[in-house]
Amino acid sequence: MKQQELEHPHIKEMVSYELMGKYYNPFCPGCGYGIIANTVNNALLERGDLLSYPLITGVGCCCYMPFILVGNSFYCLHGRALPFATGLKLANPKLKPIVWSGDGDCLSIGMGHFMHTARRNVDMVMLLLNNEVYGMTGGQMAPTTSSGVTTTTTPFGMRESSFDAVKLAIDAGATYVARWTIAQPFQIAKSFRKALDHRGFSMIEFISICPTYRGRLNELPSPVDMLRQLKADTVSLKDAANMDEDQLEGKHVVGEFLERHDRPELSTLYEKLWSERGGRG
Amino acid sequence: MSVIFSDKGKSLIVARDRCKGCELCIEVCPVDVLEPSDQLNSRGVITPAIKREGKCTLCTLCENMCPDLAIYIMPDAG
Ligand SMILES: Cc1ncc(C[n+]2csc(CCOP(=O)(O)OP(=O)(O)O)c2C)c(N)n1
Ligand code: SF4
Ligand SMILES: [Mg+2]
């Protein structure tokens with residue numbers, strides 16, 4: 001009896017509990033993905049109506065996410081989570097898809113879909129989990145890897161320049177864009193709730209920690225070392241305004257970058273078209 | 001699951017067998033009341049404990065920073 005009262009109330013709602021009868025967290029010790037999952041669970045359980053928020057994942061370590069999430073999920077092909085979610089949204093405009101994608105998943109193989117989903121302003125929340133490497137396949141470089149970082153495919157340090165997902169999303173036409181690090185769980189929670197209420201394509205980028213590959217190969221072997229480095233490299237949007245490009249090299253600028261309501265949303269456009277034509281077809 | 005601190009009708013609970021020993025909770029605690037314990041769990045990792053004279057403020061930062069739901073605050077029953 002006593003045992004029951006002490007258990008965390010979310011455990012029984014999780015997919016892993018439904019499938020295996022116990023909590024199962026597949027991530028490495030200290031991986032930042034669990035922190036994001038717990039924050040999202042809090043927000044979704046607060047809303048109650050889990051069927052309205054389908055969870056769609058691409059491939060990468062983030063495809064294990066549904067184990068520790070609440071609600072229904074679909075596991076897509078590599079990079080194809082966004083088009084699947086667009087289809088869901090157009091078929092049933094009442095849904096609010098939540099897309100989980102890694103930096104490799106979204107910004108390399110799925111880059112085209114990312115740009116076009118933002119351009120079409122499809123109403124969904126996209127959560128971009130940026131750990132600066134391809135975690136699942138063994139720590140190869142990703143298009144987000146910062147300059148100088150050692151990965152299994154850049155043993156002498158990353159020489160190429162990297163993508164800034166926030167700038168890409170803003171330019172392509174996303175209507176809510178934010179970036180946080182996993183050391184800011186309260187800001188993540190607030191921003192995610194805002195994105196759920198926003199109508200249009202919302203993109204939240206999370207700078208996560210991957211102690212197993214990103215950390216171990218860069219003299220930050222423990223999750224605590226990585227967290228300290230992450231905090232040291234974080235700059236708020238307000239402070240970044242007074243810094244020049246050289247000072248911002250290798251830093252993570254965090255904050256809410258954009259919120260706009262002037263672009264038409266895709267499913268609303270089609271709903272209007274169908275009603276003008278007297279039905280779909 | 002064991003209660004490691006209680007105050008104001010709430011308890012700080014550690015689910016020892018879920019802990020993977022990342023020590024993020026110990027690092028983020030703003031009043032520094034957590035420390036590595038002398039116990040190993042079934043995974044063979046060192047789990048957190050409260051310092052002898054530590055007074056937890058029940059701020060929930062460790063709960064929010066734990067990737068494995070292994071440390072959390074719950075209201076007491078009754
Ligand atoms: C079509 C296809 N190409 C390649 C792969 C191999 N693959 C699996 S995960 C992955 C990279 C994922 O990296 P990222 O999205 O950053 O996820 P992380 O593991 O870092 O969370 C690759 C290339 C695949 N599964 N499918
Ligand atoms: S490989 Fe990296 S991203 Fe993947 S679960 Fe392990 S720590 Fe997390
Ligand atoms: Mg990655």
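At a 4.5 Å heavy-atom cutoff, I188(A) makes no contact with chain B through either its backbone or its side chain. The part of E27(B) that comes within reach of chain A is its side chain, from C-beta onward, which places non-hydrogen atoms under 4.5 angstrom from that chain. Both the backbone and the side chain of L69(B) come within contact range of chain A, each with at least one heavy atom under 4.5 Å from a heavy atom of that chain.
Comparing G32(A), C31(A), A183(A), G34(A) by heavy-atom pairs within less than 4.5 Å of chain B, the highest count is held by G34(A).
At least one donor-acceptor pair closer than 3.5 Å links the side chain of N25(A) to the backbone N or O of P67(B).
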- Start with the C-alpha gap between Y72(B) and E7(A), add the side-chain angles, then the distance that decides, and say whether side-chain contact (heavy atoms from CB on, under 4.5 Å) holds. CA-CA 9 Å; Y72(B) 47 95; E7(A) 185 53 289; 3.6 Å; yes

- Task: Determine, stepwise, if the pair Q184(A) / M65(B) fulfils side-chain contact (heavy atoms from CB on, under 4.5 Å).
- Result: CA-CA 9 Å; Q184(A) 300 170 297; M65(B) 282 299 290; over 6 Å; no

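Near-neighbour residues of residues 38-45 of chain A relative to chain B, defined by a heavy atom under 4.5 Å from a heavy atom of that chain, comprise N38(A), N42(A). Of all residues in residues 218-229 of chain A, those placing a non-hydrogen atom less than 4.5 angstrom from a non-hydrogen atom of chain B are P223(A), V224(A), L227(A), R228(A).
Annotation: the span from D17(B) atom CG to Y23(A) atom OH amounts to 13.5 Å, rounded to 0.5 Å. To the nearest 0.5 Å, atom CD1 of residue I35(A) and atom CG of residue D68(B) are 9.0 Å apart. Taken to the nearest 0.5 Å, the CG atom of L6(A) stands 8.5 Å off from the OG atom of S2(B). Note that CZ of R18(B) is 12.0 Å distant from NZ of K22(A), once rounded to the nearest 0.5 Å.
Within the structure, ring pair (Phe, Tyr, Trp, His ring centres under 6.0 Å) pairs that include any residue of residues 48-74 of chain A comprise Y24(A)-F67(A), F74(A)-F84(A) (at least two apart or interchain).
Within a 6.0 Å sphere centred on CD1 of I11(A), other residues, nucleotides and ligands contribute more than 12 heavy atoms.
The heavy-atom pair separating M74(B) from P9(A) by the smallest distance is SD-CD, 3.6 Å.
Residues passing the ring pair (Phe, Tyr, Trp, His ring centres under 6.0 Å) test with Y33(A), sequence neighbours excluded: F27(A).
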